[in-house]
Amino acid sequence: MAFLEELQMEGVASHFARIPMFPFFDLTHYMLSLMYLRHEEGICNVSRKSPITCWICSMLSCFGGAMLAAFMLGEPVIKPFESNINIVLATIVWYMVFYFPKDLFFKFCSLLPAKLIIVAGKEIARVRKIAVGVAHAHHVYHHGYIVMVAVGLAKGAGSGLIATIEQLLRGVWKPETNELLDMPFATKATLLGAVLFTMQKTGYVPISKELLILIITTLLVTIKVTLTIMHSHGSPLAPVESALCR
Amino acid sequence: MAFLEELQMEGVASHFARIPMFPFFDLTHYMLSLMYLRHEEGICNVSRKSPITCWICSMLSCFGGAMLAAFMLGEPVIKPFESNINIVLATIVWYMVFYFPKDLFFKFCSLLPAKLIIVAGKEIARVRKIAVGVAHAHHVYHHGYIVMVAVGLAKGAGSGLIATIEQLLRGVWKPETNELLDMPFATKATLLGAVLFTMQKTGYVPISKELLILIITTLLVTIKVTLTIMHSHGSPLAPVESALCR
Amino acid sequence: MAFLEELQMEGVASHFARIPMFPFFDLTHYMLSLMYLRHEEGICNVSRKSPITCWICSMLSCFGGAMLAAFMLGEPVIKPFESNINIVLATIVWYMVFYFPKDLFFKFCSLLPAKLIIVAGKEIARVRKIAVGVAHAHHVYHHGYIVMVAVGLAKGAGSGLIATIEQLLRGVWKPETNELLDMPFATKATLLGAVLFTMQKTGYVPISKELLILIITTLLVTIKVTLTIMHSHGSPLAPVESALCR
């Protein structure tokens, strides 16, 4: 009975893992990244004064994770820009977020129902990216556990990690904090996810990659959607941490 | 008649494109880069206190474009330093600019006639570098339009783009501005040139690469020489921009 | 007679060069790097508040040289993390330095006799790293003299050179100085060593690499141990420099 159940779960997971990221999930990733960027201080000024800088910062927000992972692995950092169709999609989102008449696009996306869909889509894309990053690093360094975790983390939460550089490009410098020093929940979850995928890849977690993707995605989407509904910036990991770090 | 004329232009362009950059045009590039560096606040102090740092900053000014392009394409950033003869040439210029008795070299180069020749030579070298950068990126990513523009821009105006890092090496930190945020005319022209070479490479501009080099070089040299004679830091693109960005 | 003597010296040098770095000399390198990091302002606070950041900064201190050299040569910057056994060793040292009960480990290592052994071991490891770096760069660029010196310097003194980045990760920003601008003795000695190894590699120093390693190691260990005994932060090169730079 349990066997049958698992079989079905495996089937669901395998189907789920085969859903292509492009265009819908990539789109939600670009939308959420750029909506976060829109909330940054001074960015609207930059978008008026220097659209090129605004565009470059936007692309760093959208493709920063892939660039950071490429940098770590000694690949061309500019590789994500090879895919014209993704660049065009991100550019359209950039244009809509920053230059739509009366800002209607941004206002519409900020409405709760729209935002919930975007948040959910982004988390689905994130988990897949972590898995891809870990698999890619595993391909290069078969026994480099730290490398796998680092590349998975970079792929999944890279835009936040390189935010200091993105800010510098538009003339803002905030050295006193960064996402490593003060990890938001999403980065912590990405780190945990990268650890789990690395353990799966090296045989310490006895389930299939597809099932792990499904489990982590379900968890992450549930938590992030709940947090968004509650307008909360708190972290569900806080109780665990305070217990550990007493 | 028009055909014959074009044939001759093609011949001129083809001859022009075959003029080697080394040593004369490379020399003018090093001279102008280091003369700009000499104008920086505090650099003379550094040149006395720490000649090694001054030399490293000078090399970044001279080879920053090639290093940035190499970084983007995942090649060794230190590759430009492989060419000993170019390093020796740049080092001689560095020595003359910073340590010549009574500063006669710097004063001589700053005289208008000398400066005009240097400026003209530098722009000729710049256009060739943009073309080389675009061609190199095209070789790696056949359809990566953005990659081609970015590498062309890096090759042609990279020293300015990494000025923030060069300043940091000598203990100066100016995060509030950079050449992306506040593009000088030369950087804008390089960007336009990179776009044109990319369009040529991908078949959207129906003239030969050699002819395009000739046309852009003629335009750039004329404009920069005129600006230098007029002691102007204004940009000939300003009217177009203000019309576009009203 | 002199010939026989040299033969024996060559034998000693060849034996010495074959001593493996792992685990003892790597251990002393990690210990000294992390003891320096422990002396940094605010790091104890970080070690309590964000152990992950503290660990990452520690790894940058231990493997920064290898990462910088990899970056220069276009190799994966994350390559040093492939070696799990070295990571485990460095992590154990990190744990002992930052979290040992009553800080006994750090206090014990700071005692003069222990510190002398650690300092000596670290310098032995440093010289070997310079030689490895120069040889690696020579392998890639046969005639790139500057490349060889730069990679040797990076391998031997890289942690200091990227200290600005390491500080930034933990929210500290000190742009007004760095180890290039204000070289400590160890960095200067590393630079000299890299120049000597480059000259040996390209045939300008007519002794074997093993002998050169032995000579430089003897000199460096002697000087650093003496400086440590005298609690001196002065540089034995200061008289030479003041004579040269009058």
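Note on naming: letters A, B, ... go to the chains in the order of the sequence lines (proteins, then strands), and numbering restarts at 1 for each one.
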Check this for me: [X], atom [atom1], are more than 12 non-hydrogen atoms of other residues, nucleotides or ligands nearer than 6.0 Å?
X	atom1	result
C/F16	CZ	yes
C/F22	CZ	yes
C/Y204	OH	no
C/K115	NZ	no

Go through the steps for A/M183 and C/I52 under the test side-chain contact (heavy atoms from CB on, under 4.5 Å), then give the verdict.
CA-CA 10 Å; A/M183 280 196 189; C/I52 292 174; 4.0 Å; yes
Chain A: which of C/L73, C/L169, C/I87 shares the most heavy-atom pairs with it under 4.5 Å?
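Of the options given, most contacts go to C/L169.
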If you count heavy-atom pairs within less than 4.5 Å of chain A, which of C/M67, C/K79, C/K49 leads?
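Most heavy-atom pairs within the cutoff with chain A belong to C/K79.
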Worked verdict on A/L180 versus C/I56 for side-chain contact (heavy atoms from CB on, under 4.5 Å)
CA-CA 9 Å; A/L180 262 190; C/I56 292 175; 3.7 Å; yes
C/N84 side-chain N/O to A/H143 backbone N/O, donor-acceptor pair under 3.5 Å:
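Checked: pair present.
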Please step through side-chain contact (heavy atoms from CB on, under 4.5 Å) for the pair A/Y141 and C/F81, ending with a clear verdict.
CA-CA 10 Å; A/Y141 296 112; C/F81 292 88; over 6 Å; no
Relative to chain C, which segment of A/L161 carries a heavy atom at a distance below 4.5 Å: side chain, backbone, both, or neither?
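Neither part; nothing is under 4.5 Å.
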Given a strict heavy-atom distance threshold of 4.5 Å, which part of A/M148 is in contact with chain C: side chain, backbone, both, or neither?
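Neither; nothing under 4.5 Å.
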Heavy-atom cut-off 4.5 Å, strictly under: side chain, backbone, both or neither for C/E82 against chain A?
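Both parts, heavy atoms under 4.5 Å.
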side-chain contact (heavy atoms from CB on, under 4.5 Å) for C/F71 and A/F71? Distances and angles first, verdict last.
CA-CA 9 Å; C/F71 172 68; A/F71 173 68; 3.5 Å; yes
From SG (C/C57) to CG (A/L181), nearest 0.5 Å
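Answer rounded to 0.5 Å: 8.0 Å.
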